[in-house]
Amino acid sequence: MRSVPYPSTPVGREDLLTRLDQVLQGRGRALLTGPAGIGKTEVAQAAADRAAGRGETVLWLSPHPSDRDVAGAAAAALVSSVPAAALDGLPAPQRSAVAVLCRESAAPESGWDPVALRLGIARILRTLAERGPVLLVVDDAQRTDEESADLLRFALHLAPPALRVLAVETPAPYAGDPAPLPLWVPSEADVLLVPPLQADEIAELLVQHRLPSRMAGRIHRTSGGNPRLALAVGRSLADASTPVHHAEALPLSGRARDLARRMLAPASPAVRATLLLAALALRPTAALIRRAGRPTAEAELAAAERAGLISVTEDGTVAFTAGLLPSTLVHDTCWTERSQGHAALARVVDDPVEAVRHRALATDVPDEDLAAEVADAADTARRRGNSALAAELALLAAESTPVRLGARRIARLVDAAGEAARAARADLAMRAAADLLARDAAPADRVRARLAVLDTAGQGLTDLDELYVHSMEDSDGDPALRAAVLLRLAVKHVLADGDPVRSRAAAVESAALASSVGDRHTAAKALTVQARMDRALGSPDAERTLAEARALEMADRPLGVRNAAQILTIRHALFDDRLTEARDQLNALLPLVERRGPVEDSIELLNTLSQVDARRGQCAAALAHAGRSLALTLEAGLSPGPAWYHLALAETAGGSFARAAGYARRSVQASEEEGDHVFLSRSLYALGRVQLVTGDVAGALETLRRVQEAENAQCAVDPSMLRWHEELAEALLANDAREDAEALLADVGPVAERLGRTTVLLGCDRVYALCLAAGGKTDEAVALLAETAERFAAHGLVLEQGRCLIALARVERRRRRRSAAQQALHGATAVFERAGAVPWLGLAAESPSYAEPAPGGAGAALSRLTESEMHLARLVGEGASNQEAAARLYLSVKTVEARLTRIYQKLDVRSRAQLATVLNAAGAPSR
């Protein structure tokens, strides 16, 4: 019998556990199944923890692999695990048989009575069940020996309903492997398949295990959602001697490769040969593999599918369950076998582009005629819109070019690097650049190759300083190339260095150089970066510079919108709360980009649209757009930090404060891993805002102080781009630092007024009204809050309107005007209901309606408490411990202790009993 603590739910398994509980409570028998490493034991452990938490007896039986060949081994282990008292009352023959089983576990001739043993085990289990509910978990049930399986089948058939059984089983993958021995008639139990984790769940798993999460999408593809494989890949990243950059291939060696090899090991040579062809083909199907020389392909693929290595659709399309499997299969196969596989596929594929690819991969002898064919195939793939295949073929064409044609090979390597950048294939860009830089290439070619690598680096620009230095050296004397390098430097200075001043200087120089040689495309991009920095630095020239960039961009008609003047124009509208204008432009762009643009453009538009909808109070739409952005981000293998930030904002508006905090914390971690200063500030802001509105004022103050330090270090001036000032001021006020809060508002107000940031001033007015109330000027506070709520509504900022109304209700309660407080709360509730702002609705519902305190005395003392302090005081006064209060209020125990100390000081009490007396005297009843 195991003593187990109450559970923590495995990542992504809440729905499965709920279903499992229902099955066990209803039918009493359940079978968990799925491939190795999928997390079956973790789910069973969580179910056992929940049962133990309900006071049930939990028996855990986990046979060893060698037990399959030892008669009675599993049954003996089960009997040995039950309390000794369960054997009391056994008739002598049954007790003797059980004793022999546990002593020797040998064979019937050693003395056990098969009938007595059956009855004895059945009676033991019945005795346990009569004392209360029992959950028997049989982990790795496929290892149960035949004799034990027979004994358990008999005992479970006679067991009362109070005994529930959960078997965990990994199916036999291949014909000829020993099949699991059933513990019951199949119709007696429900079979529950443990599915792979989704990409976002893999990210959460990595965060929980303190592993790098910025590559969660790539790890999900590599692992196929298998938690064991994902953790192995994540640990490979963590164990790497040097940090793995976004532009590098994942280090799939060590434990990750070993796990893949163990999964592939049981496959017969015939199955492995068939799987190798599937791994080499671009579009593997059963028919293609059969034509390539595997006449029994269907049977071999079926065996591999049973083993959980692949899936086969109805039309015969083959897909590996984890990207690590074909990679390891190809990695561990000798060159001769790979060459033969490509040659066989080249003869049978019906697409000439694929045929050329296979012919090139079937030989390691450079050939110019073949290289030219591959280059033409790359052009064809590009025209078809298959940028990933075009990038692979372009690199293959370069690598197939004979060394004697050095200039031609270098030109093809430059083209391959550019194709890889357009396809966001960082691994191919790195390969092309490494090959080119090892040759006697011209400086301009070296620069172009390095720029391709930089363009595939995503948010992670921290460890690429050497590329920038060499690119600057090699571009000396070439204004067009120097402009392109300076443009990338401008982006690096703001993202990786957190220095908008240097970023602006690089952008200004880039724009001037590009304009001098008539490069409107680079000039427009450089002016866009300059306008972005001007806005952050509070320059009045930002809009003029952006208009200039927009004019150049419209004349140049660039293919993408990411980091373009067009999208920055929309973001400026967002910052200024011209939300209808921003939404209309985004809705016009999104369908075009989704049809023809790169995935990064779609992500950029979806993120911005989500932010606009969250600001407008279109909460469901904000969540939908942010969710799509995250899915595309993880699928593309990009850093999820920005997508997590936008999802945190969307969850704050219309989802769950708890989920919002979780996404914000993930974004903080990913941004720190990437060295991304911009999104680190943003994700900290999102986290601090959630902490503040949920009552963790100490945590909010600490988090928002980090935002303040980061923004000041980056010389950020414009308060509309990240509205942390009002949140920090409110956190200061909640932590009894009213003077500091008022000083912060006094600093930001003139800046916002000079720049015309009207809605920033409204946010400051809301917090200033709270400062007035804290200073005893409640009449002025009420008037200002009512006016601010109306002005927010006029701007279409309904969530801000509702937040003002909640603040108004609190101040009205402080003035002991219960009716006015209720009216304000009803108004906030109506606003949030229309917007679908679920978490804010909960916040309004949780705002307690205290009885009106008597004038003077205890009532006057309580009026000095803030709303969050009053909530805590009421819970403690009702008898809640610090730990219980922390759990109820979603705070840390340390925060509860600090807040309780302030409450004691304000009320001049020294104990919980005195606090309860003050509350009772003031008539502050339970909720």
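- Side-chain contact between Val798 and Arg834 is absent, with no heavy-atom pair separated by less than 4.5 Å.
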Evaluate side chain to side chain contact (heavy atoms under 4.5 Å, CB included) for Leu579 paired with Leu797, printing each intermediate quantity in order.
CA-CA 9 Å; Leu579 302 177; Leu797 303 176; 3.6 Å; yes
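- Both tests do not hold together for Arg682 against Tyr685: distance to the six-membered ring centre under 6.0 Å, angle to the ring axis within 45°.
- For the side chain to side chain contact (heavy atoms under 4.5 Å, CB included) criterion with Arg502, the lone passing option out of Lys492, Met533, His493 is His493.
- Applying the side chain to side chain contact (heavy atoms under 4.5 Å, CB included) test between Leu609 and each of Leu574, Asn587, Ile570 identifies Asn587 as the sole match.
- Side chain of Asn735 to main chain of Val697: a donor-acceptor pair is present (N/O by atom type, distance under 3.5 Å, no hydrogens or angles).
- For Leu728 against Arg705, the heavy-atom pair with the smallest separation is CD1-N, 4.2 Å.
- Between the CZ atom in Arg813 and the CG atom in Leu808 there is a gap of 10.0 Å [rounded to 0.5 Å].
- Between Ala216 and Leu634, the shortest heavy-atom contact is CB-CD2, 4.1 Å.
- For Glu581, the CD atom sits in a packed shell: over 12 heavy atoms of surrounding residues, nucleotides or ligands are nearer than 6.0 Å.
- Side-chain N/O atoms of Arg571 and Thr608 include a donor and acceptor closer than 3.5 Å.
- In Phe792, the CZ atom is crowded: over 12 heavy atoms of neighbouring residues, nucleotides or ligands sit closer than 6.0 Å.
- Of the possible donor and acceptor atoms, none in the side chain of Arg659 sits under 3.5 Å from a partner among the backbone N and O of Thr652.
- Remark: Glu727 does not engage Arg723 in a salt bridge, criterion side-chain N to carboxylate O under 4.0 Å.
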Take Glu672 and Arg706, measure what salt bridge (Lys or Arg N to Asp or Glu O under 4.0 Å) needs, and give me the verdict at the end.
CA-CA 13 Å; Glu672 288 175 335; Arg706 289 183 64 189; 3.1 Å; yes
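- In the displayed structure, Gln708 atom CD is contacted under 6.0 Å by more than 12 heavy atoms of other residues, nucleotides or ligands.
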Begin with the C-alpha distance, continue with both residues' side-chain angles, and end with the deciding distance and a verdict on side-chain hydrogen bond (donor to acceptor under 3.5 Å, both in side chains) for Thr788 and Asp765.
CA-CA 7 Å; Thr788 303; Asp765 284 346; 4.6 Å; no
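- Minimum interatomic distance between Ser503 and Val529 (heavy atoms only, all atoms of both residues): OG-CG1, 3.8 Å.
- From Ile903, atom CD1 reaches atom CZ of Arg874 across 11.5 Å, with rounding to the nearest 0.5 Å.
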Pair Arg738, Glu742 - check salt bridge (Lys or Arg N to Asp or Glu O under 4.0 Å), show working.
CA-CA 6 Å; Arg738 179 163 60 91; Glu742 291 174 345; 3.4 Å; yes
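- A salt bridge is defined here as a Lys NZ or Arg NE, NH1 or NH2 lying under 4.0 Å from an Asp or Glu carboxylate O, and Arg583 with Asp613 fails to meet this definition.
- Here the side chain of Ser683 pairs a donor or acceptor atom with the backbone of Leu680 at under 3.5 angstrom.
- With contacts defined as side-chain heavy-atom distances shorter than 4.5 Å, the pair Glu651/Val690 does not qualify.
- For the pair Asp676 (side chain) and Phe679 (backbone), a donor-acceptor distance under 3.5 Å is present.
- Taking CG from Leu589 and CD from Glu604, the interatomic distance works out to 11.0 Å, rounded to the nearest 0.5 Å.
- Residues Ser610 and Leu649 have side chains not in contact (no heavy-atom distance under 4.5 Å, counting atoms from C-beta outward).
- Between Ala752 and Pro719, the shortest heavy-atom contact is CB-CG, 4.0 Å.
- Residues Phe832 and Ile806 are in side-chain contact: their nearest non-hydrogen atoms beyond the backbone lie under 4.5 Å apart.
- Note that CG of Leu687 is 12.5 Å distant from OH of Tyr645, once rounded to the nearest 0.5 Å.
- The CG atom of Leu704 sits 11.5 Å away from the CD atom of Glu711 when rounded to the nearest 0.5 Å.
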Check against side-chain hydrogen bond (donor to acceptor under 3.5 Å, both in side chains), Ser720 and Asp718
CA-CA 6 Å; Ser720 68; Asp718 193 320; 2.7 Å; yes
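- Arg535 places a side-chain heavy atom less than 4.5 Å from the side chain of Glu543.
- Nearest heavy-atom pair across Gly763 and Glu726 is CA-OE1, 3.5 Å.
- The shortest distance between side-chain heavy atoms of Glu800 and Leu762 does not fall below 4.5 Å.
- Listed for the Asp499 side chain is a donor-acceptor partner under 3.5 Å among the backbone atoms of Val501.
- For Glu739, the salt bridge (Lys or Arg N to Asp or Glu O under 4.0 Å) test picks out no residue, with sequence neighbours left out.
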Audit row: Cys619, Val838, side chain to side chain contact (heavy atoms under 4.5 Å, CB included) steps and yes/no:
CA-CA 9 Å; Cys619 300; Val838 176; over 6 Å; no
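- Thr703 and Gln691 share a donor-acceptor pair across their side chains, judged by distance under 3.5 Å alone.
- In this structure, Gln669 and Arg666 have side chains that are not in contact, with every pair of non-hydrogen atoms separated by 4.5 Å or more.
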Please determine whether side chain to side chain contact (heavy atoms under 4.5 Å, CB included) holds for the pair Leu586 and Ile567, giving the CA-CA distance in whole Å, both sets of side-chain angles, and the decisive distance to 0.1 Å.
CA-CA 8 Å; Leu586 287 166; Ile567 192 65; 4.1 Å; yes
Does Gln714 form a side-chain hydrogen bond (donor to acceptor under 3.5 Å, both in side chains) with His677? I'd like the steps, not just the answer.
CA-CA 9 Å; Gln714 295 175 55; His677 290 267; 4.8 Å; no
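- Using a distance-only test at 3.5 Å, with no hydrogens or angles considered, no donor-acceptor pair links the side chain of Thr528 to the main chain of Ala564.
- For the residue pair Leu537 and Pro500, the shortest heavy atom distance occurs at CD2-CG, 4.0 Å.
- Partner of Thr778 under the side chain to side chain contact (heavy atoms under 4.5 Å, CB included) criterion, out of Arg817, Glu812, Arg815, Arg816: Arg815 alone.
- Side-chain contact check for Leu546 versus Arg550: every heavy-atom pair is 4.5 Å or farther apart.
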Could you check Glu730 against Arg803 for salt bridge (Lys or Arg N to Asp or Glu O under 4.0 Å), going step by step and ending with a plain yes or no?
CA-CA 12 Å; Glu730 186 173 350; Arg803 193 174 177 185; 3.2 Å; yes
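- Expressed to the nearest 0.5 Å, how far CG of Leu772 lies from CG of Asp779 amounts to 10.5 Å.
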